[in-house]
Amino acid sequence: MERPNAWKNYTAEDIEKLNDLSARYRAFLDGGKTERECVKETVALAEAKGYRDLAAVVKAGEALKPGDKVYSNCMGKAIMLFHIGKKPLEQGMNIIGAHIDSPRMDVKQNPLYEDTDIAYLDTHYYGGIKKYQWVTIPLALHGVVAKKDGTVIDVVIGEDENDPVVCVSDLLIHLSREQMTKPAATVIEGEMLNLIVGGRPIDEEEGEGEEGDEKKAAKDAVKANVLKILKDKYDFEEEDFLSAEIEVVPAGKARDLGLDRSMILGYGHDDRVCAFPSVDAILSLDETPDTTCCCILADKEEIGSVGATGMRAHYFENAVAELVAATGTYSDLTLRRALTASRMLSCDVSAGFDPNFAGAFEKKNVAYLGRGVCYNKFTGSGGKSGSNDANAEFIARLRGIMDDNNVAYQFAELGKVDQGGGGTIAYICALYGMEVIDSGVAVLSMHAPMEVINKADLYEAKKAYLAFMKNA
Ligand code: MN
Ligand code: MN
């Protein structure tokens with residue numbers, strides 16, 4: 001059941017569409033390095049296609065009818081798009097769901113300190129990372145600082161080519177005899193991920209003026225200078241770090257990879273390489289769909305889908321309840337029927353086969369770069385703990401839809417049984433009794449600062465998600 005490389009069957013028109021999609025995807029990656037930025041980008045793309053904020057529709061007491069398009073923004077970190085179909089909601093929705101949080105480091109709440117004339121920000125990593133991969137590379141700061149007066153300051157440092165960047169240092173090889181004997185898990189430990197943010201003391205006059213305490217200014221003069229820069233440029237004080245969310249991500253743009261430009265090297269393919277084609281697919285529905293279509297972009301997947309913006313929270317169910325009310329008469333039973341009768345693609349990345357590490361994979365059941373969108377019947381680890389298990393009948397229907405729409409697809413598991421594992425948001429949506437299967441794009445170097453995808457798989461994912469929404 002080996003699958004052909006999707007590139008082999010492309011027409012000139014396919015290549016043109018693939019290049020267009022890839023260019024827009026790279027722009028989405030560059031503008032969306034955090035969940036908040038991805039939500040902002042998605043709102044802008046959706047509004048340009050006539051989507052309205054569901055909260056405003058509800059507030060105005062408006063009814064919704066087939067053809068209407070609304071989005072529901074959850075705290076600026078998760079978002080859902082709905083395109084109302086001709087059939088009643090009770091008959092279910094065609095849902096595609098991805099996540100927009102990615103592994104990174106977060107700046108701690110009491111972060112700034114100075115040690116031997118270097119100023120640092122202390123961080124706590126987010127999601128599963130190989131810590132040794134995050135040292136010595138240029139990093140950028142993205143996030144918000146919320147002040148007591150209610151203002152929220154957007155911070156982006158390190159993306160403009162004239163911006164400074166920050167980094168974490170590593171020990172020089174010359175003195176690493178002991179470090180090099182350590183297991184990879186402890187070569188760089190979590191508490192060593194301290195960002196270098198300053199190396200120049202504040203001008204003496206300014207130091208005294210600010211602190212009114214000569215000794216203190218002299219002792220922490222580099223830190224004082226960093227604080228002065230933050231105050232001048234962003235108008236916030238050290239105490240404001242307490243109510244800040246600043247994410248540390250690789251600086252710079254995504255790039256075409258390979259001399260043939262067939263791939264993209266970038267930060268956050270997991271899971272924006274599924275989020276973007278999901279959004280692009282629902283926004284390209286030009287006619288009113290038969291079945292209501294929904295695109296969910298969730299937060300906190302990388303740490304277990306927890307919290308108010310993670311998939312385990314109730315925002316999706318609540319938004320559908322509002323839709324039930326706005327398209328007819330609300331009843332709990334109608335809501336439950338709408339959820340249970342739905343079908344979903346849980347769109348998340350899969351491990352791509354890497355010939356350099358062939359031993360970690362089982363070659364018959366792994367995703368190959370360039371061979372199309374990847375379906376996983378189950379995920380999880382060990383004996384499938386934490387898995388969603390898609391029903392055979394649903395998979396059979398999907399095969400029909402994919403074949404009818406000329407989508408290149410492959411079926412895979414993450415890697416060798418008992419080698420490790422991972423989960424997605426699939427099992428959470430499956431709790432409603434809907435049909436769910438994992439469907440995504442194969443990635444190399446998953447969770448590394450820079451990950452690799454093949455453009456053909458991005459293109460096939462978009463085709464798959466569109467075919468699913470129209471036909472499932
Ligand atoms: Mn993921
Ligand atoms: Mn992940």
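All values below were derived from every heavy atom in this structure, side-chain atoms included, with hydrogens, water molecules and symmetry-related copies excluded. Quick caveat: nothing in here was measured; it's all calculated off a predicted structure. Numbering of ligands and ligand atoms starts at 1, following listing order. The residues of the chain are indexed from 1 along the displayed sequence.
For residues 400-447, the ring pair (Phe, Tyr, Trp, His ring centres under 6.0 Å) pairs, not counting sequence neighbours, are Tyr375-Phe411. The stretch residues 272-284 participates, sequence neighbours left out, in these salt bridge (charged side-chain N to carboxylate O under 4.0 Å, His left out) pairs: Arg24-Asp280, Asp280-Lys462. Among residue pairs with one or both ends in residues 388-416, those qualifying as salt bridge (charged side-chain N to carboxylate O under 4.0 Å, His left out) are Lys377-Asp389; sequence neighbours excluded.
Below the 2.8 Å limit, the Mn ion (ligand 1) has as protein N, O or S neighbours His99 NE2, Asp270 OD1, Asp348 OD1, Asp348 OD2.
Using a cutoff of 4.0 Å between basic side-chain nitrogens and carboxylate oxygens, Arg26 and Asp256 are scored as salt-bridged.
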Between Tyr25 and Phe276, does a ring pair (Phe, Tyr, Trp, His ring centres under 6.0 Å) hold up when you go through it step by step? CA-CA 7 Å; Tyr25 172 52; Phe276 181 73; 5.8 Å; yes
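Here the side chains of Tyr51 and Leu45 are not in contact, with every heavy-atom distance at 4.5 Å or above.
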